[in-house]
Amino acid sequence: METRNKKQKKWWHDAVTYEVYVPSFCDANGDGIGDLRGVTSKLEYLAQLGIDCIWLTPIMKSPFADCGYDVSDYCSINPVFGTMEDFDELLRKTHEQGMKLILDVVFGHTSDKHPWFQQAASSRQSPKHTYYVWKDPVNGGPPNNWYQGCMCGPAWTYVKEVDQYYYHAFVKDQPQLNWANPEVQEEIYRVIRFWLDKGIDGFRLDAINFLFCEDDFRDNPGEGRAQRRVVNLNQAGIHAIVQKMRSIADEYGDIMMVGEVYPGSTDEGRLYYGNSNNELTQAFNFTFLHTVKEYSTYKDEWGQLQQTADFHREEISLATKLMEMWRYNEQTFRALELWPTVVLGNHDQPRISSVLEGLGEETYRDRLDRIAPYYTFTLKGSPFLYYGEELGMHSIMPDSIDKIRDMHGRYFYDHLVQVDKMDPQEALKKTGNVARDHCRQAMAWDATQNGGFSSGKELWAPLPPDWQTNNVKRQLEDPNSLLALYRQLMQLRRAKETLRGGDYIWPESRKDCLLFARRADNDYAVVAINVSQRRLVIDLQAEGLTGPLFAHRVLQSTGCELRENTLTIEPFACAILE
């Protein structure tokens, strides 16, 4: 029995997509910042790793206040990254390597340097004024209590020239587009066609549920950082817009449209697939990462308060919570005939290695790192990797405010110091998880100057502290490295339809291990992921995982022993059996 009809299968169902954070990946021209030619130079590496699709973070023209997520021209290339000719070459060579390429696009807001906004802010009579969301002052201040996403003040900024406030869901450099304006819709639909005409294979839609398309300006419940976004998030009119985007994409064939739906849970994400799957093709689901963080002692170097490993002593184990979470996800998506995603990190999230290593003692570090690929490549869904994940890169926070480039972090710090009158050192500590520099280090390719990332004298982002011993070249040479495991598991997943599209068998009694089987036709696989610090002995027969279709041969393992129907699995070890 197979989960999906092969006639309806799309390339992106099985594709492993790799997010290239362009400024931190590889620098070809020696200016210290990654670029398109740098990505092109590493296509062979990505193909040999087993990647099917490359996701480029924003490369459009931008003042780079938010590292490209503040676009000033949707149909051009940021000169920092190269030229349109460089992009065309990258696209062509990506396809020659048998891989796909998708672009990260930001359609909820533009840069305040975009010509549209420059005109809109100059006069109420400007034809572009209604391209953005404006409101008159109320009692001499903002029109309502909406707070911006980076937690550093009101979501409204006053412009004297028009005597109005403009809305920005995030920081003031990113004014929100008015999607209720049909002219804005047509502008963006032209942008979508422009890139699809060039031959790209899809889009990653940034913060898609923040689109503003309804004339509703009621206050949100709560104030300041405790506010809950109710009115200005998930507005009903967004769905018609996303459906139109999808209809345009479908004119070009099998185009991926994966969306960031904040905060990234099953229930939020499923809403944006639409009826009969006529909106997004996929939505990111960060429930695993958020769940593991609850049980992890991980915290950034500033000591940002996190939940601690005391959760291990609670009645509900991490394994139980993960099983419940994924079963709910699978049942929900199966009932609606939707296809899930499996994702453990991106340019906004802490590095998964740092989070996983907070589950156990230092002695288990290597095994903890290896949980990530076992999880990613054995669950049903489209896997997404973040650059350097295959190396076990960690979240490393800068040690001074001068080294924080992320504008969300800078604004947050300034707000704490200037508005809240907080001590600068204390403000620096609290900025920890807001500033996203910790997950955006330069990629270390070898142990030569600048880790092979750049020939320049200064890098836009620092290399990881362990770059001389933990880099691509070193791991490629080690058959037992984490990188080698990623390659092996991707090869295994590609070879076994069971791991890509098979149904689940969930044992009912096991509460201390992430244990399940996958089946497709007469092919079965058993997966065991021990997320505890205890050695576990699993009676497979008692769990209903024995029979003529189970050969009980170990396909891949990081620390287990199989004797007849008994699997002994070490702390934080993983195993795949068939």
Side-chain angles (χ1 to χ4, degrees), residues 12-19 45-55 98-99 285 288-289 292 322 326 330 340-345 351-353 355-357 364-393 470 472 474-502 504 513-520 523-531 551-560 562 567 569-570 572-578:
W12 38 262
H13 275 117
D14 293 340
V16 177
T17 299
Y18 186 99
E19 179 186 359
Y45 163 75
L46 294 173
Q48 291 179 352
L49 179 61
I51 300 305
D52 301 297
C53 178
I54 298 169
W55 151 20
M99 296 183 289
N285 189 332
F288 176 86
L289 176 63
V292 174
L322 289 174
W326 198 256
E330 162 62 11
T341 59
V342 186
V343 55
L344 301 180
R351 289 278 182 178
I352 187 59
S353 285
V355 176
L356 286 171
E357 288 174 16
Y364 298 119
R365 175 173 175 172
D366 184 63
R367 282 188 198 158
L368 285 160
D369 285 344
R370 291 167 188 255
I371 289 175
Y374 272 90
Y375 180 90
T376 301
F377 300 122
T378 61
L379 289 169
K380 185 192 299 181
S382 303
F384 287 79
L385 304 180
Y386 184 46
Y387 86 99
E389 191 173 309
E390 72 276 21
L391 304 179
M393 286 176 66
N470 184 29
V472 172
R474 176 69 64 89
Q475 291 211 28
L476 283 174
E477 294 170 346
D478 180 1
N480 297 313
S481 68
L482 182 62
L483 173 58
L485 178 63
Y486 269 84
R487 294 177 67 179
Q488 291 162 12
L489 289 176
M490 276 188 270
Q491 290 169 1
L492 180 62
R493 180 179 177 275
R494 183 166 293 172
K496 288 183 72 67
E497 168 63 22
T498 313
L499 294 177
R500 289 180 280 116
Y504 283 97
C513 183
L514 189 57
L515 178 69
F516 56 89
R518 302 286 305 279
R519 65 181 180 188
D523 186 24
Y524 282 67
V526 176
V527 179
I529 301 176
N530 185 358
V531 289
H552 287 160
R553 178 172 67 94
V554 177
L555 290 176
Q556 195 79 38
S557 158
T558 59
C560 78
L562 179 64
L567 175 67
I569 186 164
E570 298 298 321
F572 302 114
C574 306
I576 304 174
L577 318 175
E578 70 169 3

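Stacking of R518 on the aromatic ring of Y504 is recorded, both the 6.0 Å distance cut-off and the 45° axial limit being met.
Considering only heavy atoms from C-beta on, L476 stays 4.5 Å or farther from Q48 through its side chain. In this structure, L482 and Q475 have side chains that are in contact, with non-hydrogen atoms separated by less than 4.5 Å. Residues Q556 and L489 meet the side-chain proximity criterion, which asks for heavy atoms closer than 4.5 Å. Counting heavy atoms from C-beta on, the side chains of K496 and I576 never come closer than 4.5 Å. Between C560 and V554 the shortest side-chain heavy-atom distance falls below 4.5 Å. Looking at heavy atoms from C-beta onward, Y486 lies out of side-chain contact with T376 at the 4.5 angstrom threshold. Within the 4.5 Å cutoff, no side-chain heavy atoms of L492 are placed close to those of F377.
A donor-acceptor pair under 3.5 Å is formed between the side chain of R494 and the backbone N or O of G50. Counting only distance, with no hydrogens or angles, the side chain of N530 and the backbone of E570 share a donor-acceptor pair below 3.5 Å. Side-chain atoms of T558 come within 3.5 Å of backbone atoms of C574 as a donor-acceptor pair (strictly under, hydrogens ignored). Under the 3.5 Å distance criterion, the side-chain polar atoms of S382 are matched with a main-chain donor or acceptor of H13.
By the ring pair (Phe, Tyr, Trp, His ring centres under 6.0 Å) test, Y386 is found to be paired with no residue, residues two or more places apart in sequence or in another chain being considered. Under the ring pair (Phe, Tyr, Trp, His ring centres under 6.0 Å) criterion, W55 pairs with F284, sequence neighbours left out. Contacts of Y18 classified as ring pair (Phe, Tyr, Trp, His ring centres under 6.0 Å), with partners at least two apart in sequence or in another chain: none. With sequence neighbours excluded, no residue forms a side-chain hydrogen bond (donor to acceptor under 3.5 Å, both in side chains) with Y374. With sequence neighbours excluded, the residues forming a salt bridge (Lys or Arg N to Asp or Glu O under 4.0 Å) with D366 are R370, listed by chain and number. Checked against salt bridge (Lys or Arg N to Asp or Glu O under 4.0 Å), R351 has no partners two or more places apart in sequence or in another chain.
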With side chain to side chain contact (heavy atoms under 4.5 Å, CB included) as the test, would you mind laying out the steps for L344 and F288 before giving the verdict? CA-CA 7 Å; L344 301 180; F288 176 86; 3.0 Å; yes
